[in-house]
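For reference, the structure discussed in these notes is given below.
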Protein chains: 2
Amino acid sequence: MDTEREYDVLSVDCPSRMILNRIGDRWTLLIIVALSREVLRFSQLRARVGGATPKVLTQTLRALERDGLVSREVFPVVPPRVEYRLTELGRSLLEPIAAVKKWAETHVEEVLEARERADAMASAASEAMSSASSSMARPRAGVLG
Amino acid sequence: MDTEREYDVLSVDCPSRMILNRIGDRWTLLIIVALSREVLRFSQLRARVGGATPKVLTQTLRALERDGLVSREVFPVVPPRVEYRLTELGRSLLEPIAAVKKWAETHVEEVLEARERADAMASAASEAMSSASSSMARPRAGVLG
DNA sequence: GCGTTCAGTATCCATTCGGGAACTATAGCG
DNA sequence: CGCTATAGTTCCCGAATGGATACTGAACGC
C-alpha cells in the first residue's frame, strides 16, 4: 500500500530525487515529448526541439540512452542515419509528463498574471521606499532568471 | 477538445515551456513537495529539504512567491517568524507532481539497472578497443553528471 | 553588555551549462 | 577533384548555478 514511505524525495541521497533531477533538466522533457509521437533522426529532432544545438542534443540523448529511456539505432549507411525512439520505459514516462504538461498549459496564464502582479507591487514598493512613506516594505522581488 | 494544439511545448517561445523550465529546477519541486503536507517556516523548510542552503532556499521561495505558487506570511515578532504555504495554484500542482514522483519511485530501479548495463558495456567496449578487436564500437557513454 | 534565536543577505569562489562555430568521416554525384 | 549530406565531436568562452561562510538586525534573558 504505502510504498511511498520507502522513499523520501526530500532526502539528498534518495535515488528518486536523482531521477527528478535527471528528467528536470533543460532538454530531457522536450526530447521525450518530441519522441512521443514518432521515431526521429538526429536532425529531425534538432528541428523539432527549438533551440537545441547539436551538442546539447547529443549529451541529452546519450544520457537518455544510458538510462534506458531512449534507444538509438544506427544504420551503417552514408551519409549516416541514426534513429531515436522511446523504449518501453521511456514511454511509461509519457503519462506523468503529460500531466505536468497539461498543468503547465492550463495554468500558464495564472502564473504569468501572478508574476506581473508581483512585479508591479515590487516596483510600487520600491518607489514608495524612495519617498520614505512605507512601513512593512516587502523585500524586492529579484529577477532570478 | 484539442486545446493542446494551442501550445507547442517544443517551441522556444512557448510559455508552457517556460513553466516547465521553472518547475524543473533543482529545488522548486522539492519545496513544493515539502510544503504539501504542512505550513513551514524558513528553517524548518531548510531542515526538510536536504542540502538546501539559505541562499538557494530564499531564491527559490521568492520565485515561487512571485509566480503565485507559494505565499509568505511574516509575523512582526522577534526573532522573526515567517511561514510559507502553498497557494491554491500551488496546490493544484501537487497532482501532476505526484504522478512524476510516483513514476520516479517505481522506476528508479529500472533506470539504475539500465545505467549500470550501459556503463558496463561502455567500459567493455573501450577495453575491446584497446585490443583492437571490435567492430561497431559504441561511442563512449560519457559521464554527463 | 553578551549571547541566543530566526530569517535572511552579502560575498567569494568553483563548477557546470550551454551557445557558437569549426571540424571530422564517408560515399555518391558531377 | 570538390561538393553535399548526416551525425556528430571538439574547442572556446561567457553566463548561470550553486556551495561555503560570514554577517546583520532586533528583542529577550542573563
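The model shown is predicted, which means the values in this text are computed figures rather than measured ones. Hydrogens, waters and symmetry mates are skipped; everything else that's a heavy atom, side chains included, is used. In what follows, every chain begins at residue 1, and chains take the letters A, B, ... in the order their sequences are listed.
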> Which residues pass the ring pair (Phe, Tyr, Trp, His ring centres under 6.0 Å) test with B:Trp103, sequence neighbours left out?
Replying inline: B:His107
Short side-chain N/O contact to [N] OP1/OP2 from [X], under 4.0 Å:
X	N	result
A:Arg62	D:dG8	yes
A:Arg26	D:dT17	no
B:Ser43	C:dA7	yes
A:Arg41	D:dA7	yes

Whole-Å gap separating [atom2] ([N]) and [atom1] ([X]):
X	N	atom1	atom2	result
A:Ile31	C:dG18	CD1	C1'	14 Å
B:Gln59	D:dA16	CD	P	12 Å
A:Asn21	D:dT17	CG	P	14 Å
B:Leu45	C:dA7	CG	P	10 Å
A:Phe42	C:dA25	CZ	C1'	15 Å
A:Leu61	D:dG8	CG	C1'	11 Å
A:Arg81	D:dT4	CZ	C1'	18 Å
B:Asp25	C:dT16	CG	P	18 Å

> Looking across every strand, which nucleic acid part, if any, lies under 4.0 Å from A:Tyr84 by heavy atom: base, sugar-phosphate, or nothing?
Replying inline: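 Sugar-phosphate contact only.
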> A:Gln44 or B:Ala52: which one's nearest nucleotide on DNA chain D is closer to the 5' end?
Replying inline: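 On the 5' side of the pair lies A:Gln44.
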> According to the salt bridge (charged side-chain N to carboxylate O under 4.0 Å, His left out) rule, which pairs have a member within residues 78-90 of chain A, sequence neighbours left out?
Replying inline: A:Glu73-A:Arg85, A:Arg81-A:Glu83, A:Glu83-A:Arg85, A:Glu88-A:Arg91
> Quick one: are A:Arg26 and B:Asn21 in side-chain contact, heavy atoms under 4.5 Å?
Replying inline: yes
> Taking all atoms of both residues into account, what is the closest heavy-atom pair of B:Asp67 and B:Leu89, and its distance?
Replying inline: O-CD2, 3.9 Å
> To which residues is A:Phe75 joined in a hydrophobic cluster, defined by side-chain heavy-atom contacts under 4.5 Å among Ile, Leu, Val, Met, Phe, Trp and Tyr, whether direct or through other members?
Replying inline: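 Answer for A:Phe75: A:Val77.
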> What is the per-nucleotide protein-contact pattern of nucleotides 20-30 of chain D, from the 5' end, where B denotes a base atom under 4.0 Å from a protein heavy atom, S denotes such proximity for sugar-phosphate atoms only, and - denotes neither?
Replying inline: B----BBB---
>> From the set D:dG19, C:dT9, D:dA7, return the single nucleotide nearest to any side-chain atom of A:Val82.
In response: D:dA7
>> Applying side-chain hydrogen bond (donor to acceptor under 3.5 Å, both in side chains), can you list everything that pairs with B:Thr53, at least two apart in sequence or on another chain?
In response: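 By the side-chain hydrogen bond (donor to acceptor under 3.5 Å, both in side chains) rule, B:Thr53 matches no residue at all.
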> Can you list every ring pair (Phe, Tyr, Trp, His ring centres under 6.0 Å) pair that touches residues 23-64 of chain A, not counting sequence neighbours?
Replying inline: none
